[in-house]
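Every value quoted in this text rests on a predicted model; they were computed, and no experiment measured them.
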Amino acid sequence: MALETESVSRDKLSLADTEIDWARLDKTRFHIIGAVLFTVQQALIHPTAVVKTRMQVADYRLAHMPGMVVFKDILRNDGIPGVFRGFGTSAIGSLPGRVLALTSLEMSKDMMLKYTQGLNMPETTRIGVANGVAGMFSNLISSLYIVPLEVICQRLIVQGLPGATFYTDPFDVARKVIKAEGFRGLYRGFGLTALTNSPAVALWWGAYGAAQRIIWRSLGYRDDSEKKPSHMEMMAVQATAGMVAGACSSVITTPIDTVKTRLQVIDDYGVARPSVLRTTKILLKEDGWWGFYRGFGPRFLNMSLYGTTMIVTYELIKRLSVKHI
């Protein structure tokens, strides 16, 4: 009987284990495991990002094709390497940025949870606010590193399209951009990213934290309850909350992402340096308001898959990195 009880306790987790804070983590293990698992997760969804980027930057014909047709077209012309174009640069280059993002996310979330502990607000709201503020702060910090990397990767992805500049490797991209525009060129779209993505990321993390809490409560789980979720239940709830948050985020942020992608990639706008206003006007002229939702299908799929796989991976990393006392 004692053995049966011990077995059940190993398979079940307390609700507190769904919200592992920064102090409980082995930081070295957290970053090493995170680097490996997030690279695998990134590889799974990278083809959707390639299709989305091509559709946002390409001419009218390609932009209005279904995402699957564009995917098949890339496979036919470039093979498997085509749908993974820019992945190596993105995967290796994003490692330092990921450490920066995860550290700032967890530390700021921990601080917000402590700061709001004495406030008179529902627990679901408190967790949602803490997650949201932490997500926004993490995005602002990591954008300093991620935006130049994104500019380089986007330019590698669109190679082969009419008007696209040819580059031999990521370093060649950086050299040519810096030669033409200085270091400022590597930060094309930074202001748009910081001012718009930060609230969107805050919304994502806030929605995820609140949704997860609501789902647990609707299933009858409480912090002080003897009822404990299994590993599979935990993953299912976190995946559902992440998928909903990702899908909602794609609807809100696709127009901004389209303008940002074109701003970072397209150079043939004439003598004037590309700007948000100039890029927006040209997109409106080319395609009307619908143009802002170019690549929406692949982006919706990308964000939904990203939301699900990222959060399951993220929460798994945290559970694997808990300090053993």
Inset, instruction - Could you grab the distance from atom CZ of Phe84 to atom CG of Asp78, nearest 0.5 Å is fine? - result: 13.5 Å
Inset, instruction - Could you tell me the separation between the CD1 atom of Ile74 and the CZ atom of Arg76, rounded to the nearest 0.5 Å? - result: 10.5 Å
Inset, instruction - In sequence, state the C-alpha distance, the side-chain angles, and the governing distance for Trp216 and Met234, and then conclude on side chain to side chain contact (heavy atoms under 4.5 Å, CB included). - result: CA-CA 9 Å; Trp216 284 127; Met234 188 177 291; 4.1 Å; yes
Inset, instruction - Flag the pair Glu286 and Arg294 as a salt bridge only when some basic side-chain nitrogen lies within less than 4.0 angstrom of an acidic carboxylate oxygen. - result: yes
Inset, instruction - Compare all side-chain heavy atoms of Leu149 with those of Cys153 and state whether any distance is below 4.5 angstrom. - result: yes
Inset, instruction - Write down the atom of Pro148, the atom of Ser143, and the distance for their closest heavy-atom approach. - result: CD-O, 4.2 Å
Inset, instruction - Check the hydrophobic clustering (I, L, V, M, F, W, Y; side-chain heavy atoms under 4.5 Å; chains of links allowed) and say if Val147 and Phe183 are grouped together. - result: yes
Legend entry - Criterion side chain to side chain contact (heavy atoms under 4.5 Å, CB included) on Arg217 and Arg213, from CA distance to verdict: CA-CA 6 Å; Arg217 294 294 180 264; Arg213 198 79 177 181; 2.8 Å; yes
Inset, instruction - Mind listing the closest non-hydrogen atom pair of Val177 and Gly185 along with its distance? - result: CG1-C, 3.5 Å
Legend entry - Any donor-acceptor pair under 3.5 Å from Asn77 side chain to Asp73 backbone: yes
Inset, instruction - Using atom types as modelled and distance alone, determine if a side-chain donor or acceptor of Asp169 lies under 3.5 Å from a backbone N or O of Asp172. - result: yes
Inset, instruction - Output all residues satisfying ring-ring contact (aromatic ring centres under 6.0 Å, His included) with Phe137, sequence neighbours left out; order by chain, then residue number. - result: none
Inset, instruction - Please assess Thr28 against Asp26 for the test side chain to side chain contact (heavy atoms under 4.5 Å, CB included), listing each intermediate value before the final yes or no. - result: CA-CA 6 Å; Thr28 302; Asp26 180 319; 3.8 Å; yes
Legend entry - Cluster check Leu105, Met136: I/L/V/M/F/W/Y, side chain < 4.5 angstrom: no
Legend entry - Fellow cluster residues of Met112, listed by chain then number, with links counted only when side-chain atoms sit under 4.5 Å apart: Val129, Val133
Legend entry - Partner residues of Phe292 under the ring-ring contact (aromatic ring centres under 6.0 Å, His included) criterion, sequence neighbours left out: Trp289
Inset, instruction - If you link ILVMFWY side chains whenever their heavy atoms are less than 4.5 Å apart, which other residues fall into the same cluster as Leu119? By chain and number, please. - result: Met121
Inset, instruction - Kindly compute the distance separating CD (Gln154) from OG (Ser90), expressed to the nearest 0.5 Å. - result: 9.5 Å
Legend entry - Donor-acceptor contact present, side-chain Arg29 to main-chain Val322, <3.5 Å: yes
Inset, instruction - Please confirm whether the backbone N or O of Thr53 pairs with a side-chain atom of Thr261, one donor and one acceptor, at under 3.5 Å? - result: no
Inset, instruction - Using distance alone, with no hydrogens and no angle criterion, decide if Arg98 and Gln42 have a side-chain donor and acceptor under 3.5 Å apart. - result: yes
Inset, instruction - With rounding to the nearest 0.5 Å, note down the distance linking CD in Gln238 to CD in Gln212. - result: 4.5 Å
Inset, instruction - Give, for atom CD1 of Ile152 and atom CG of Leu186, the distance between the pair rounded to the nearest 0.5 Å. - result: 5.5 Å
Inset, instruction - With sequence neighbours left out, write down each residue that passes side chain to side chain donor-acceptor pair (under 3.5 Å) with Asn120, or none if nothing qualifies. - result: none
Inset, instruction - Please answer whether the main-chain N or O of Ile215 pairs with a side-chain N or O of Ser218 as donor and acceptor at a distance below 3.5 Å. - result: yes
Legend entry - Check: Lys176 side chain, Phe166 main-chain N or O, donor-acceptor pair, under 3.5 Å: yes
Inset, instruction - Look only at the side chain of Arg188 and the backbone of Val151, and say whether a donor-acceptor pair between them is shorter than 3.5 Å. - result: no
Inset, instruction - Using side-chain contact (heavy atoms from CB on, under 4.5 Å) as the criterion, list what pairs up with Thr313, not counting sequence neighbours. - result: Leu37, Phe38, Gln41, Ile317
Legend entry - In one Ile/Leu/Val/Met/Phe/Trp/Tyr side-chain cluster, 4.5 Å: Val36, Ile311: no
Inset, instruction - Tell me, yes or no, whether the heavy-atom count around Leu284 atom CG, taken from other residues, nucleotides or ligands under 6.0 Å, exceeds 12. - result: yes
Legend entry - Leu283 side, atom CG; Leu263 side, atom CG - distance, nearest 0.5 Å: 11.5 Å
Legend entry - For Val50 against Arg85, the heavy-atom pair lying closest together: CG2-O, 3.9 Å
Legend entry - Which atom of Ala35 lies closest to which atom of Leu95, heavy atoms considered: CB-CD2, 3.8 Å
Inset, instruction - Answer yes if Ile146 and Leu144 sit in the same cluster of Ile, Leu, Val, Met, Phe, Trp and Tyr residues linked by side chain heavy atoms under 4.5 Å apart, and no otherwise. - result: no
Legend entry - Polar contact flag, side-chain donor to acceptor under 3.5 angstrom, His31-Thr103: yes
Inset, instruction - Please work out whether the ring planes of Tyr293 and Phe296 are parallel, tilted or perpendicular, with thresholds of 30° and 60°. - result: perpendicular
Legend entry - Shortest non-hydrogen separation from Ala91 to Thr39 and the atoms involved: CB-CG2, 4.1 Å
Legend entry - hydrophobic_cluster_shared for Leu316 and Leu102, side chain cutoff 4.5 Å: yes
Inset, instruction - Could you please spell out the steps behind the side chain to side chain contact (heavy atoms under 4.5 Å, CB included) verdict for Arg155 and Tyr167? - result: CA-CA 8 Å; Arg155 285 171 176 261; Tyr167 303 104; 2.7 Å; yes
Inset, instruction - Could you tell me whether Asp257 and Lys52 make a salt bridge, using a distance below 4.0 angstrom between a side-chain N and a carboxylate O? - result: yes
Inset, instruction - Ignoring hydrogens and angles, tell me if any N or O in the side chain of Lys27 forms a donor-acceptor pair with the backbone of Leu25 under 3.5 Å. - result: yes
Legend entry - Minimum heavy-atom distance Leu156-Pro170, with the two atoms named: CD1-CG, 4.0 Å
